[in-house]
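We're numbering straight along the sequence, starting at 1. None of these values were measured; they are calculated from a predicted model.
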Amino acid sequence: MARLRRRACIALFLFTLFIFGTMMGLRTLKPSDGFSDLAPGLELAPIAERGERRSVSHEAISRPQAATSSDAKAPTPPVYYDLHIFYYMWYGNTHFEGKYLHWDHVMVPHWDPKISASYPKGRHSPPEDIGSSFYPELGPYSSRDPEVLEEHMNQLRAAAIGVLVLSWYPPGLADDNGEPSDSLVPFILDAAHRYAIKVAFHIQPYKGRDDHTVHENIKYIIDKYGAHAAFYKYKTSTGQSLPLFYIYDSYLTPPESWANLFTQSGSHSLRNTPYDAVFIALLVEEGHKHDILAAGYDGMYTYFASNGFSFGSSHQNWKGIKAFCDSNNLLFIPSVGPGYIDTSIRPWNNHNTRNRVNGKYYETALQAALMVRPEIVSITSFNEWHEGTQIEKAVPKKTLTRLYLDYLPHQPNMYLELTRRWAEHFSKEKEQWLM
């Protein structure tokens, strides 16, 4: 019996040892064996996690939409229609136009030949050398590129901007460095509509512009684009919804001529016609206030992003301008900007440069605008790269001959984010003013 017990114990011990050895051997095997050399450190996710992951195509990342049907829970960020931004569609490149437009901007000579002789002349040579002190994240793009247009709307939406104010020339006309671009308007309207953004028009000066030609311009724009869902209309104090037009360099035409168009008794008045609208004049000098009033305009804006450059663009004057507008039933739309530098195209104009100071200049301008309690604030600009007023994404860039400015230490979307935060603040402030 003792011998049988000894044999049973030995057998049990050997069996236990076999089981233990087998378990230790199994523990040395990993699911990632055979792949760890290819992807060191990569661990397989638990099955439950793997089932929840989604694949996102490159298309979905590069061309985002205002809202996605696949995720109904994702909130769509709001836009504010009392925040307007000046937008330019005059850019071209070799891929779309066969040549560069505006990126190769000429260096404008000073009007005094003696001063002009001290500065460089000629044109810029894209893509490495462009007519800007900053370099766009999208490179020297074409305004005709559908992907660029989509990305611009995405950036505007991220900045919570509700109204794009389109720099516009009549069909067949353009500025000295561009080509006619009215054919782009339908595409801009369609793209804006996809992002719930509205489009207003910024009528630029052109040879022969006067009250008669602007009369035709207004009729053309309203007849051709007025029915589009993205066409901006401003709700007046009387409850009317009317188009709103900015008239750049309005002071070039005498107030008496504008009065023919904008006053009730004008010889070819637009008032109380299907082409009536809210017309906003550019205020540069102090005396322009009275000219704008006499001309029959509905309000004034200041455009320039260089504080102190003109009477209208000087923040310290906005309180007085707003008081004048209030007493004469006019809209005052102050224009704010992130900075100003145009020495890439006007190399002699360094004295008007306004440093961005990592966003502080922009915030100071926004605060100055809000102090006068405006109904609308305009931003100069989304993409006026020549004058360095853009809030569009810019990136660091260095070439053999150029060192571009950038938004460092912040990200390329810094000014979009800053705009969105101030848009929200502006909206909350307006609610308080109305209470």
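- Under a cut-off of 6.0 angstrom, the local environment of NE2 in His315 is crowded, with over 12 non-hydrogen atoms contributed by other residues, nucleotides or ligands.
- Dense packing is recorded around NE2 of His268, with more than 12 heavy atoms of other residues, nucleotides or ligands lying under 6.0 Å away.
- A salt bridge links Asp298 with Arg271: the closest approach of a Lys/Arg side-chain nitrogen to an acidic carboxylate oxygen falls below 4.0 angstrom.
- A salt bridge does not link Arg402 with Glu128: every distance from a Lys NZ or Arg NE/NH1/NH2 to an Asp or Glu carboxylate oxygen is 4.0 Å or more.
- Inspection of the Tyr362 and Thr419 side chains reveals an N or O donor paired with an N or O acceptor under 3.5 Å.
- Taking the six-membered ring for Trp and the full ring otherwise, the centers of His202 and Tyr301 sit less than 6.0 Å from each other.
- For Glu375, the side chain to side chain donor-acceptor pair (under 3.5 Å) partners are Tyr234, not counting sequence neighbours.
- When ring centroids are compared, Trp385 and Phe134 stay outside the 6.0 Å threshold.
- A donor-acceptor pair shorter than 3.5 Å cannot be found between the side chains of His228 and His193.
- Applying the side chain to side chain donor-acceptor pair (under 3.5 Å) criterion to Asn177, with sequence neighbours excluded, gives His105, Arg123.
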Decide side-chain hydrogen bond (donor to acceptor under 3.5 Å, both in side chains) for Tyr340 and Glu384; before the verdict, give the C-alpha distance in whole Å, the side-chain angles of both, and the deciding distance to 0.1 Å. CA-CA 10 Å; Tyr340 187 93; Glu384 218 296 9; over 6 Å; no
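- A donor atom on one side chain and an acceptor atom on the other are found under 3.5 Å apart for Tyr220 and Asp182.
- The side chain to side chain donor-acceptor pair (under 3.5 Å) search around Lys219 returns none, not counting sequence neighbours.
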